[in-house]
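Inspection log for the structure reproduced underneath, given as structure tokens.
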Amino acid sequence: MKEVTIAEIGDYAGQEVALNGWVYHVRSIGKIWFLIFRDGTGLLQCVVVKSEVDSDTFGLETKLTQESSVRVTGTVRAEPRAVGGHELGVKSIQIFQIAKDYPIAPKEHGTAFLMDHRHLWIRSKKQHAILRIRHQVIKACRDFFDQNGFTLLDTPIFTANAVEGTTNLFAVDYFDRSAYLTQSGQLYGEAGAMAFGKIYCFGPTFRAEKSKTRRHLTEFWMVEPEMAFCDLDQDMDWAEKLVAYIVRWCLDHCETELKTLERDISRLEKVKAPFPRITYTEAVEILRKNGVDFEFGNDFGGNDETVISEQFDCPVMVHRWPAEIKAFYMKRDVENDKLALGVDMLAPEGYGEIIGGGQREDDHDILVKRITDAGLPLKPFQWYLDLRKYGSVPHAGFGLGIERTVAWISGIRHIRETIPFPRTIYRLEP
RNA sequence: UCCGGAGUAGCUCAAUGGUAGAGCGGGUGGCUGUUAACCACUAGGUUGGGGGUUCGAGUCCCUCCUCCGGAGCCA
């Protein structure tokens, strides 16, 4: 007996096949009952007719509870009345296990309840779709860099240095000393760029911020490219090419999932390079023009980002920021020493910052002064300073937040649904 | 940490200070094309914990706990 999946069921019309999976729902109308069956690749309606099966099989209607695991065999046929266009005329059903009291009904539930059952919730249609989009977003990132001459460089999770201060770092015991969980692979990425020219790292990062908003997690994933011989403008070229590629890829490969999520595709279709580029100063003007009382020199809040991004169909890149609110390693603008050559990309529709990056300071002595001025110890940065001693070049990079990107493309409000098991200030389980 | 909201059946929610209820889910029965099917019947409660006011508290007061949303902080 040929074992097939629901995703490929259309290729087997007229044939007898077997499928392994779980019971999603059962509907009975007497001498016929319908088993809505899922196998991780989709949903399939299976029809059990009293006159076509033995009485034991027909009697399973009352025994098959939601999420019971089964193997069904039968004949595939095209059927316009079935969701997906095909259904299975059941011959037999083999039971692996009868599930008891599955807590998630195909009805309304609150977020807290669902998050407590996250390990089961990911079986549900909508969560399933979001996580498949996440998979494709990650694949698109990897493909993009692999196709453009980047080398994957894995950076460490345990670190001794803080990239941007220590208040939001997770400290852990590390034998007879302490270490931090990384909040960015960037510094190591810069070392990689000097070795390979263009690199990217991809992995989890950690921020011990007590943020409780829909845009924050304590553990999130970033893809961070770093390029030697690259200035801010070229950095922005790469950023917009990457994001346009990801969006195009998802439109081409996640049609079913985006439909499940009822995503307005037309908004995503407009996302094509080049993206608008404005300076921080111009962004402040936009805020003021829209009635926001904003003081020059501050960082943008969530609402500010929404107001700015609402002016554009595409993601907008905001560059040349007040140096005081940006990290020590950012290169200053030669035309205005008070400005840092950083760039943030704001996604449309209020999804906020999805990219942060910029050109790095490449002069040894200036960097030493910046580290000192920032009140950071020099010792843990010796290796980083070495990069400016041995063949320093202009270089730049950025980090793309996977969860915010997935939330934007999926059109879901809260990023906690874009990662299989979200970590927030009050949630470490499941 | 601050501001706001919530906690009642497995879930989502009702209940003017006066007998704790509905829908869904569960169970039983009916129905040969259902789409979160439908119809009938049925079981299911320490109203988050503690204290107080009152003839009487799910409801009012105090306190603690938990969760949600937002702010700050940040990506």
Side-chain angles (χ1 to χ4, degrees), chain A residues 24-36 43-53 58 61-63 65-67 77 79-85 87 89 99-117 120-121 124-126 163-165 167-169 182-184 186 204-224 298-305 318 325-327 342-347 351-358 398-405 407-408 413-416 424-427:
Chain A
Y24 199 70
H25 196 56
V26 173
R27 275 190 294 271
S28 170
I29 53 161
K31 294 188 177 62
I32 282 186
W33 55 276
F34 300 89
L35 162 63
I36 311 302
L43 293 174
L44 177 68
Q45 171 167 285
C46 306
V47 186
V48 186
V49 182
K50 185 164 184 150
S51 56
E52 295 172 5
V53 295
F58 192 78
E61 181 252 319
T62 55
K63 295 194 178 64
T65 53
Q66 189 181 2
E67 290 304 316
R77 58 184 175 237
E79 171 53 72
R81 286 173 293 186
V83 175
E87 68 175 18
K100 204 166 175 265
D101 300 330
Y102 187 70
I104 302 177
K107 284 285 172 183
E108 284 174 26
H109 296 285
T111 310
F113 174 82
L114 290 168
M115 272 301 168
D116 286 340
H117 296 83
L120 304 175
W121 191 20
S124 301
K125 221 188 311 189
K126 189 176 159 189
V163 179
E164 309 177 25
T167 51
N168 49 24
L169 285 173
T182 184
Q183 54 184 345
S184 166
Q186 180 203 314
T205 50
F206 308 87
R207 308 271 169 103
E209 289 151 11
K210 295 182 176 177
S211 298
K212 276 175 41 176
T213 79
R214 61 192 176 87
R215 301 183 309 279
H216 290 83
L217 298 169
T218 56
E219 178 182 309
F220 65 101
W221 287 64
M222 278 207 294
V223 60
E224 297 176 273
N298 287 348
D299 205 349
F300 299 133
N303 182 56
D304 304 325
E305 290 181 349
V318 182
I325 58 169
K326 288 292 176 185
V343 56
D344 282 6
M345 186 189 290
L346 308 179
Y351 282 93
E353 183 184 343
I354 54 172
I355 279 179
F398 59 87
L400 172 88
I402 296 296
E403 286 76 18
R404 288 182 182 180
T405 303
W408 165 47
R413 211 176 132 69
H414 204 304
I415 65 166
R416 68 188 156 200
T424 58
I425 178 167
Y426 294 127
R427 185 170 292 282

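Lettering of chains follows the sequences in order, A, B, ..., and the numbering in each one begins at 1.
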Task: Dot-bracket encoding per residue of RNA chain B, Watson-Crick/G-U cut-off under 3.5 Å, | denoting interstrand - done: (((((((..((((....[..)))).(((((.......))))).....(((((..]....))))))))))))....

Please determine if a side-chain N or O atom of [X] lies less than 4.0 Å away from the OP1 or OP2 oxygen of [N].
{"X": "R416(A)", "N": "G69(B)", "result": "yes"}
{"X": "R81(A)", "N": "U34(B)", "result": "no"}
{"X": "R77(A)", "N": "G33(B)", "result": "no"}

Would you kindly give the [atom1]-to-[atom2] distance between [X] and [N], to the nearest whole Å?
{"X": "I29(A)", "N": "C39(B)", "atom1": "CD1", "atom2": "P", "result": "15 Å"}
{"X": "Q186(A)", "N": "A75(B)", "atom1": "CD", "atom2": "C1'", "result": "13 Å"}
{"X": "L120(A)", "N": "G10(B)", "atom1": "CG", "atom2": "C1'", "result": "14 Å"}
{"X": "K125(A)", "N": "A36(B)", "atom1": "NZ", "atom2": "P", "result": "7 Å"}
{"X": "I36(A)", "N": "G33(B)", "atom1": "CD1", "atom2": "P", "result": "15 Å"}

Counting the atoms with a prime plus P, OP1 and OP2 as sugar-phosphate, which does [X] contact under 4.0 Å by heavy atoms, base, sugar-phosphate, or nothing?
{"X": "G352(A)", "result": "nothing"}
{"X": "F113(A)", "result": "sugar-phosphate"}
{"X": "R404(A)", "result": "base"}
{"X": "F206(A)", "result": "nothing"}
{"X": "E87(A)", "result": "base"}
{"X": "H117(A)", "result": "nothing"}

When rounded to the nearest 0.5 angstrom, what is the spacing between [atom1] in [X] and [atom2] in [Y]?
{"X": "Q45(A)", "Y": "E87(A)", "atom1": "CD", "atom2": "CD", "value": "5.5 Å"}
{"X": "E305(A)", "Y": "Y351(A)", "atom1": "CD", "atom2": "OH", "value": "14.0 Å"}
{"X": "W121(A)", "Y": "D116(A)", "atom1": "CH2", "atom2": "CG", "value": "10.5 Å"}
{"X": "I325(A)", "Y": "F300(A)", "atom1": "CD1", "atom2": "CZ", "value": "7.5 Å"}

Open item on the list: Should F34(A) be counted as stacked on G33(B), where stacking needs a ring-centre gap under 5.5 Å and an angle between planes under 30 degrees?
Closed with: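 Here the ring of F34(A) and the base of G33(B) are not stacked, as the 5.5 Å and 30° limits are not both satisfied.
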
TODO: For the residue pair H109(A) and F113(A), categorise the inter-ring angle as parallel (less than 30°), tilted (30 to 60°) or perpendicular (more than 60°).
DONE: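 Judged by the thresholds at 30° and 60°, the geometry between H109(A) and F113(A) is parallel.
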
Short N/O separations, protein against nucleotides 42-45 of chain B, under 3.5 angstrom:
none

Look for any protein N or O under 3.5 Å of an N or O in nucleotides 20-30 of chain B and output each such pair with its distance, or none.
none

Open item on the list: Between A6(B) and G48(B), how many Å separate the two P atoms, rounded to a whole number?
Closed with: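 That atom pair is separated by 13 Å.
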
Task: Interatomic distance at P, G21(B) relative to G29(B), whole Å - done: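 The same atom, P, in both gives a distance of 28 Å.
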
Open item on the list: Can you confirm whether L114(A) sits close enough to I104(A) that some side-chain heavy atom of one is under 4.5 Å from a side-chain heavy atom of the other?
Closed with: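 Side chain of L114(A) against side chain of I104(A), heavy atoms only: contact under 4.5 Å found.
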
